[in-house]
Amino acid sequence: MSKATFAVSMIALGLGCSSAVMANTKVPVVTSFSVLGDLVQQVGGDHVAITNLVKANGDAHVYNPAPMDAKAIASAQLVVMNGLEFEGWMPRLLESSNFKGNKVLAADGIEVIKGHSCSCGGHGHHDDHDHDHDHDHDHDHDHDHDHDHDHDHKHDHGHAHGEFDPHSWHSIKNVKVYVKNIEQGLTKVDPNNAEDYQRNAANYIQQLDKLDIELHKKVALIPEDKRSVITPHAAFAYMARDYNIDFHAPQGTSTESEASAGDVANIIKQIRSEGIKAVFVENISDNRLIEQISRETDAKIGGQLYSDALSEPTGPAPTYLKMMEYNIDTIVNALK
């Protein structure tokens with residue numbers, strides 16, 4: 001073999017190895033909390049390497065980022081967060097990390113609910129917002145919805161989530177929008193695998209549609225006038241809207257807020273006057289207040305709901321689909 005032929009062969013071999021390495025390189029993605037971590041995994045499949053910041057059973061309302069979080073973000077190609085001011089700590093973290101990649105606000109384009117009330121009912125007790133929130137993912141969203149809406153917060157119990165309720169993943173209809181936003185974000189940073197992302201997203205949306213039908217059938221087993229439940233904080237307004245369930249909470253939409261004595265007294269009065277059968281604890285909340293309310297009203301603790309985080313892998317709600325099914329099953333079983 002001549003020197004020239006050998007050199008060409010070695011270059012070709014090198015290029016082949018390089019292509020193989022590139023083909024096997026996963027896209028580094030950072031997600032803000034566990035629900036998004038699961039959704040990105042469903043869409044990204046084997047093409048993504050996910051670092052999730054707020055872990056299973058973690059509370060994003062009170063999360064304090066660690067230095068390793070900044071390091072993960074600095075090396076990520078894509079950061080996926082909920083938006084609607086859910087991750088109040090994220091803008092500073094992105095800035096300190098000098099993040100130059102792409103961002104996806106998963107909730108862009110959903111039908112939002114005003115977040116100023118701590119009582120969220122499925123029978124018109126909450127305020128829907130008339131327009132969707134559409135943003136280009138390339139724009140800087142660190143100031144997302146950061147407007148002066150003091151007049152909308154008079155019932156806010158001191159929390160600072162902004163104008164809208166951020167717990168929008170409790171609506172399967174909304175999560176279908178999340179999935180499309182994630183698909184678009186992944187396609188932008190990794191166009192070579194666009195077909196896989198599109199196929200994965202379409203398959204997952206089919207699973208979401210199937211589950212939504214099943215959950216509506218389960219809720220329909222409970223008479224509408226018996227669908228009242230109490231939770232620690234107001235995280236379920238979107239579920240209330242979609243499944244026609246009345247949720248009431250002594251706290252506002254953030255676990256950082258504190259219920260006043262008047263709030264607790266009103267909840268107790270409501271339980272007694274309406275004959276509410278069950279109160280529920282949450283996986284991320286201090287549940288002593290709910291336990292006190294249960295003792296004072298004889299309303300039973302109907303189980304634990306997963307509000308702002310998935311369970312650990314061995315728990316009952318390790319994925320979004322399982323979380324939604326588990327929450328509805330727990331509610332329905334307690335109200336039968």
Side-chain angles (χ1 to χ4, degrees), residues 59-62 85-86 88 113-128 149-167 170 219 222-241 243-309 327-328 330-336:
D59 186 357
H61 295 290
V62 296
E85 301 184 19
F86 179 63
I113 292 175
K114 288 277 186 77
H116 63 267
S117 174
C118 69
S119 179
C120 41
H123 306 283
H125 295 245
H126 61 268
D127 292 324
D128 286 330
H149 291 287
D150 291 343
H151 62 284
D152 281 335
H153 290 274
K154 59 186 177 182
H155 300 297
D156 214 13
H157 303 284
H159 85 280
H161 254 325
E163 183 180 3
F164 303 108
D165 184 337
H167 303 89
H170 287 296
V219 174
I222 306 299
E224 288 189 17
D225 62 348
K226 302 297 182 183
R227 298 178 193 169
S228 292
V229 298
I230 310 295
T231 59
H233 88 292
F236 294 97
Y238 293 91
M239 181 180 285
R241 180 189 67 189
Y243 297 100
N244 208 16
I245 301 171
D246 282 326
F247 286 86
H248 308 277
Q251 289 178 293
T253 55
S254 172
T255 55
E256 289 184 290
S257 62
E258 293 185 8
S260 69
D263 295 328
V264 176
N266 287 335
I267 288 288
I268 290 174
K269 181 179 179 180
Q270 186 172 19
I271 291 173
R272 289 171 175 165
S273 64
E274 297 183 14
I276 296 175
K277 295 174 58 177
V279 298
F280 295 85
V281 297
E282 294 178 27
N283 66 320
I284 67 158
S285 296
D286 182 343
N287 294 303
R288 288 175 293 180
L289 182 57
I290 287 293
E291 292 165 356
Q292 173 193 339
I293 291 172
S294 175
R295 289 192 299 269
E296 293 190 22
T297 61
D298 292 329
K300 68 178 180 180
I301 295 180
Q304 176 176 264
L305 301 180
Y306 287 83
S307 55
D308 293 16
N327 282 344
I328 289 293
T330 301
I331 292 168
V332 170
N333 290 334
L335 297 181
K336 281 182 179 178

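Along the sequence shown, residues are numbered consecutively beginning with 1. These numbers come from the heavy atoms of this one structure, side chains and all, not from hydrogens, waters or symmetry mates.
Using a 30° and 60° split on the angle between ring planes, Phe247 and Phe236 fall in the parallel class, below 30°. Classified by interplanar angle (parallel below 30°, tilted 30° to 60°, perpendicular above 60°), the ring pair Phe86/His167 is perpendicular.
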Verdict with reasoning, Ile331 to Met239, per side-chain contact (heavy atoms from CB on, under 4.5 Å): CA-CA 11 Å; Ile331 292 168; Met239 181 180 285; 4.1 Å; yes
Step-by-step side-chain contact (heavy atoms from CB on, under 4.5 Å) determination, Asp246 to Arg227: CA-CA 6 Å; Asp246 282 326; Arg227 298 178 193 169; 5.8 Å; no
Criterion side-chain contact (heavy atoms from CB on, under 4.5 Å) on Val219 and Asn244, from CA distance to verdict: CA-CA 8 Å; Val219 174; Asn244 208 16; 5.9 Å; no
For Glu291 and Ile301, what are the C-alpha separation, side-chain angles and deciding distance, and is it a side-chain contact (heavy atoms from CB on, under 4.5 Å)? CA-CA 8 Å; Glu291 292 165 356; Ile301 295 180; 3.9 Å; yes
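Here the CZ-CD1 distance, from Phe164 to Ile113, works out to 11.0 Å after rounding to the nearest 0.5 Å. A distance of 6.0 Å separates CD1 in Ile267 from CD1 in Ile293, rounded to the nearest 0.5 Å. If you take NZ on Lys277 and NZ on Lys336, they are separated by 10.5 Å, rounding to the nearest 0.5 Å. Between atom CD1 of residue Ile245 and atom CD1 of residue Ile328 there is a gap of 4.5 Å, rounded to the nearest 0.5 Å.
At least one donor-acceptor pair closer than 3.5 Å links the side chain of Glu282 to the backbone N or O of His233. Of the possible polar contacts, none joining the Asp165 side chain to the Ala235 backbone as a donor-acceptor pair under 3.5 Å is found. The main-chain N or O of Leu305 is never found under 3.5 Å from a side-chain atom of Asn327 such that the two would form a donor-acceptor pair. Asn283 places a side-chain N or O within donor-acceptor distance of the main-chain N or O of Ser307, the cut-off being under 3.5 Å.
The side-chain heavy atoms of Ile271 and Val279, taken from C-beta on, include a pair separated by under 4.5 Å. Annotation: side chain of Thr330 is not in contact with side chain of Gln304 (no heavy-atom distance under 4.5 Å). Between Pro232 and Leu289, every side-chain heavy-atom pair lies at or beyond the 4.5 Å cut-off.
When every heavy atom of Ala249 is checked against every heavy atom of Ala234, the shortest pair comes out as CB-N, 3.6 Å. Nearest heavy atoms, Ala334 versus Ala278: CB-CB, 4.0 Å.
Residues passing the side chain to side chain donor-acceptor pair (under 3.5 Å) test with Arg295: none are found, sequence neighbours excluded. Evaluation of the side chain to side chain donor-acceptor pair (under 3.5 Å) rule for Glu274 yields Gln270 as partners, not counting sequence neighbours.
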